[in-house]
Amino acid sequence: MCPFPWILMIVSLFALCYKGVVTVAVVGPTRTPHRGLVPGHPVDLTLQEEARGTPVVLACMAKIHDSKVFDSHRLLSPMLRRMGRAATEDGQEEGTYRPEYHGGIWQIDYSDFRETLDTRTYPHLRPVWDSIMAQFGIHRLGIRWKDLRKPLYSSLVAGLKILTVPDEIPPSIPAQAAFWKNYCNNALDKSPNDYVTAVEEVSGCQAAGLDLVFVLDGSASVGKNNFQLSKDFVNTVIQSFTIGPDLTRVGVIQYSLSVNLEIELKDHPSAAPLVQAVEDIEYDEGLFTHTGEALQYITTHSFAVENGAREVRNGVPKVSILLTDGESGDYHDVTVWSQRARESNITVFPVGVTNDVDQEELETMAGHAGKVFRVRRFRDLEKIVTDMEESLCRAVAAVPVGTPVTADLDKDAVRHLSFIVPEAGMTFKLTLNRGQVAMYGSSVVTTPNEAVHNFNLTSGELFFRHAPVSSQDAGTTVYVSVYGLSDHSSFTLHTTEGDTTTTTPPSQQQAAAHSSTTSVYKLDPKGVTLFWCLFVYLTSTMSAYLV
C-alpha cells in the first residue's frame, strides 16, 4: 500500500499547526483585562503607556521609595511628587501625551533625557543607574525617550535629571519652585507659582495614625543650643500629623548615660499641650551615649500598651525617630536591641548628626524597613522634615496572621498593614462595619493602591497563595492598604492560615488557576472549515485508493 496519502495528511496537519490553525501548547486559563475590583488580577499602571492620574503617580513614588534608588539624595523624592503635579496635574492635563513628544507625566525633554545617559560627564549617575537596573531591570543603554510614556520611566529619569544639576535641592518651597523653573521646566509653559500650588495640593498625610516615639540625644557633646534645635525638629514633624487618641500619639525620651522618660504616648491627646510639653523638656547634658539602652527602653517600655501604644488589632504602625551625634558607647546593645525592636514590629528611623556618627551603626538600627537620615549640623534637621514626613506616612503595621484588625477611616484615609504569608497561604476576609473601603494587596510594593496591586477587595474573602522567592525563603511578606471611600467608614479584616474561603467566586478560581499550567489542544475556530475540508479530501482520496 502506498503511504503517500498518509504522508500528505501528516504534512498538511503540520502546516496547519505551524500557521496557527491547530495549536498544541501548554497554557493556563485565558486572562481577561482588569475591570474594577476583581480579586486575582495583578495591575501595574506605572508600566502602562500613557497611564495617568494621582494613583499612578503615587504608585511610582511608592516604587521609588521602596527601591531606595534615590535614598542618598535628600529631598529628591518629595520634589518628584510635587513636580508630577506641577508639570501636568499628575498627567491629567490634555497635552501630557502629545504626538512626537515622549516626556511623559514629568515632561522630560529629549535633550534632558540624553543628558541623564551621559555617565562620563556625570559619573555620579553610574551607581544610580546600576541601582535602577538592579531594582527595575531598566538598563541605561536600552532605554529610549519613547519609554518615558510609561510613568515609572518618566519619574526615574526626572530624578536623574535633578541629579545632573550642580546645586543641591533647597529646603524652602519658594527656592524649590525657582530650582524647578530653572532646571526642570524647559518644555513647559509653567511658572514657579505652579510648583507652589502643587505643594499645597499634595501636602498632608493619608495615613490614619501612628504611635510615634522620638528618642533625643541628651549627651554633653550635643550642647544646649543644638538640643533646642532637636526639640524644634520634633515639634515641626508633629505639626504634619493630627494628634489624637484615635489618630497619632507621640512620646519622647532622652538618653545619654541613662534614659529619661519625657512624654508617654498616652500623655497628650491633642497637639497644643504636646507641643508645649516638648518645649519644656530640659537638656540632660549627660555623659556618654548609650544608644543601645535607649533602644531597649522603647522596645520594653515606650511601645507597651499600658503606656499608651495601641494593640496590634488596631493596625497602627509603631515608629521611632532616634537622633544621635556620635557613636554609641554600647554598640553590642545597639545590635541586640535593634533586632529585638524589629521583632516587636517597631520601625526605627535613625538620624545621624555630624560626621562623627557610624554609618554601619545607623544601618543596623534601621534594618530593612527603616531609613537612615544624615545631616551635617543640628540646624540642618529642618532640611529632612519633608523626607521624614513622607517616610512616616508610608509606615506599615505588621500584623500576625489570625489577628483581626478593626479600624475607622474617613474618606481618602489609609491604613497600611503587612503579613507574613504561611506556607499554606492565607485567607483575607474583609467585612464592612460602616461606609465603604477598598483594600489592595501586593507582594511588590509596601503601599499598594488602585494603580499597582496583586489583588483587591471591597468586601468578601480571598485566598492568597504563598509564593517564596527561593526554596530557602521563610515566607512571603504581603502588604495590604485599606482606603476609606466614604467618611466615617469602618472595617474589620480577618486573616486565617490556609484556604478557608466559604465560597469561591469565578474570578478567584481564575486567580488560583493562574499558578498552574495545563496541557491542552486547541483548534482555532477560524480554521475549522479548512481543517474539515482537508480531512474529508484526504479521507476520500485514501478510500478511493483502497478501492
Criterion side chain to side chain contact (heavy atoms under 4.5 Å, CB included) on Val202 and Met61, from CA distance to verdict = CA-CA 13 Å; Val202 303; Met61 295 298 95; over 6 Å; no
ask   = Going through the checks in order, is the side chain to side chain contact (heavy atoms under 4.5 Å, CB included) test met by Cys205 and Leu392?
value = CA-CA 9 Å; Cys205 182; Leu392 290 173; over 6 Å; no
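By the side chain to side chain donor-acceptor pair (under 3.5 Å) test, Thr492 pairs with Thr406, Asn433, sequence neighbours left out. Remark: Ala451 pairs with Leu45, Pro55, Val56, Ala59, Asn449 by the side chain to side chain contact (heavy atoms under 4.5 Å, CB included) rule, at least two apart or across chains. In this structure, the side chain to side chain contact (heavy atoms under 4.5 Å, CB included) partners of Ser270, at least two apart in sequence or on a different chain, are Pro273. With sequence neighbours left out, Ser344 forms a side chain to side chain contact (heavy atoms under 4.5 Å, CB included) with Thr299, Ile346. Checked against side chain to side chain contact (heavy atoms under 4.5 Å, CB included), Leu247 has the following partners two or more places apart in sequence or in another chain: Thr242.
Identified under the salt bridge (charged side-chain N to carboxylate O under 4.0 Å, His left out) test for residues 383-407, with sequence neighbours left out: Lys371-Asp387, Asp380-Lys383, Glu390-Arg394. Within the structure, ring-ring contact (aromatic ring centres under 6.0 Å, His included) pairs that include any residue of residues 57-76 do not occur (at least two apart or interchain). Here salt bridge (charged side-chain N to carboxylate O under 4.0 Å, His left out) pairs that include residues 428-446, with residues two or more places apart or in two chains, are Asp408-Arg434. Residues in residues 479-493 take part in no salt bridge (charged side-chain N to carboxylate O under 4.0 Å, His left out) pair, two or more places apart or across chains. Applying the ring-ring contact (aromatic ring centres under 6.0 Å, His included) test to pairs two or more places apart or on separate chains, none has a residue in residues 378-400. Sequence neighbours left out, the pairs with a member in residues 205-227 that pass side-chain hydrogen bond (donor to acceptor under 3.5 Å, both in side chains) are Asp211-Arg310, Asp217-Ser219, Ser219-Ser221, Ser221-Asp325.
Between the side chains of Gln176 and Tyr195, a donor-acceptor pair is found at a separation under 3.5 Å. Between the side chains of Thr197 and Arg85, no donor-acceptor pair of N or O atoms lies under 3.5 Å. Checking Gln239 against Asn235 by side-chain atom types alone, no donor-acceptor pair falls below 3.5 Å. Between the side chains of Thr236 and Glu382, no donor-acceptor pair of N or O atoms lies under 3.5 Å.
For the pair Asn454/Ser442, a side-chain contact is recorded, criterion being any heavy-atom separation below 4.5 Å from C-beta on. Looking at Thr289 and Tyr255, their side chains come closer than 4.5 Å, going by heavy atoms from C-beta outward. When side chains are defined from C-beta on, Phe233 counts as touching Met388, because their heavy atoms get closer than 4.5 Å. Taking 4.5 Å as the limit, every side-chain heavy atom of Ile263 sits out of range of all side-chain heavy atoms of Val250. Contact of the Leu261 side chain with the Tyr297 side chain is registered, since non-hydrogen atoms from C-beta on lie closer than 4.5 Å.
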Check: residues 413-421 side-chain donor-acceptor pairs under 3.5 Å, at least two apart:
unit_1 : atom_1 : unit_2 : atom_2 : d
His416 : ND1    : Ser481 : OG     : 2.7

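To the nearest 0.5 angstrom, His124 atom NE2 is 5.5 Å from Leu163 atom CG.
The aromatic rings of Phe428 and Phe455 sit tilted relative to each other, their planes meeting at an angle between 30° and 60°.
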